[in-house]
J.: 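For reference, the structure I am asking about is given below.
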Amino acid sequence: MLFSNKTWEPASEELGKFSTLEAYTAGDQKVIISSEHTWKFKNKETESLYENTVINKKKFTAAKAASSLAHSKRVDAGFYYDPKKWIILEEQPQSHLGEILLQGFANKELYASFGSSELDEGTTLRNLKDQLLTDFLMNPSYYKIKKTELRTVNGIEMFYIMFYAKKSGEVVLQNYFIPDTRYFSVISARIPEKKFASYEKDMQDFINGMVAIKTEKYVERINVQAPAPPPPLTTEKSR
């Protein structure tokens with residue numbers, strides 16, 4: 001089993017003694033594993049994508065036209081957006097990664113979303129970055145990473161990734177950050193590749209609207225059926 005911190009553990013003891021071995025992941029990515037329980041991608045370009053994430057020193061802020069604020073009901077986060085460019089299609093507080101779904105006002109092929117998911121205790125943004133990159137790079141049949149960086153957005157350090165989703169033919173932009181110790185938040189925008197150049201600025205403006213903000217949390221209500229009443233007491237007729 002391969003882990004995102006570049007270590008591995010055998011699923012069985014059948015490997016025997018070796019110095020290095022080549023192996024394929026379930027997503028058809030070739031890796032090199034060593035007897036010291038470390039691993040790396042065989043392809044040098046892929047390995048470089050994992051190891052070398054640029055730190056962008058530019059300070060990103062929400063666009064001036066982003067006058068509307070959407071709040072999460074799961075975490076202390078939300079995002080500013082331009083109501084003249086985006087329409088909220090659905091709010092699903094019971095959902096995690098798809099809590100808020102949006103669509104472009106002018107281009108109906110432009111979609112966006114906001115959500116969150118649980119983290120292991122003690123996970124840092126760097127740890128999250130490594131986990132995400134491992135997932136993407138392990139599946140070259142589905143994703144092609146175009147750019148990654150650590151950036152500061154509205155005063156918060158975030159992990160940014162741009163990738164091509166091969167199955168849908170879309171370019172996807174995402175920002176991730178950790179609002180508390182239990183969750184990460186992600187904001188995403190996507191569009192068919194042929195229209196990406198025309199809408200990249202709108203997509204960047206959208207994902208750079210994510211902020212940390214105190215919110216009123218959603219409380220999930222579970223319907224518990226009351227137990228059935230006991231059968232009525234019967235008295236035996238005297239003879």
J.: Give, for atom OG of S116 and atom OH of Y176, the distance between the pair rounded to the nearest 0.5 Å.
T.: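 Output value for this atom pair is 12.0 Å.
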J.: For the residue pair F41 and W39, categorise the inter-ring angle as parallel (less than 30°), tilted (30 to 60°) or perpendicular (more than 60°).
T.: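 Correct class here is perpendicular.
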J.: Before giving the answer on ring pair (Phe, Tyr, Trp, His ring centres under 6.0 Å), spell out for F159 and F177 the whole-Å C-alpha distance, their side-chain angles and the decisive distance to 0.1 Å.
T.: CA-CA 7 Å; F159 172 60; F177 91 107; over 10 Å; no
J.: For Q204 and Y199, does a side-chain donor sit closer than 3.5 Å to a side-chain acceptor?
T.: no
J.: Might you confirm whether atom OH of Y164 has over 12 heavy atoms from other residues, nucleotides or ligands at distances under 6.0 Å?
T.: yes
J.: Test side chain to side chain donor-acceptor pair (under 3.5 Å) on N127 and T124; report intermediate values, then the result.
T.: CA-CA 5 Å; N127 298 147; T124 67; 3.0 Å; yes
J.: What's the verdict on salt bridge (Lys or Arg N to Asp or Glu O under 4.0 Å) for R190 and E170, showing C-alpha distance, side-chain angles and the deciding distance?
T.: CA-CA 6 Å; R190 58 186 173 86; E170 294 173 313; 2.9 Å; yes
J.: Measure across I178 and L128 and return the closest heavy-atom pair with its distance rounded to 0.1 Å.
T.: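 Minimum heavy-atom contact is CG1-CD2, 4.3 Å.
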J.: Out of curiosity, Q29 CD to T134 OG1, how far, rounded to the nearest 0.5 Å?
T.: 11.0 Å
J.: Please report the interatomic distance CG(N107) to OG(S198), rounded to the nearest 0.5 Å.
T.: 9.0 Å
J.: Where does the angle between the aromatic ring planes of W86 and F206 fall among parallel (under 30°), tilted (30 to 60°) and perpendicular (over 60°)?
T.: tilted
J.: Does R126 pair with E157 as a salt bridge, N-O distance under 4.0 Å?
T.: yes
J.: Got F196 and K194 here, is their nearest side-chain heavy-atom distance under 4.5 Å?
T.: no
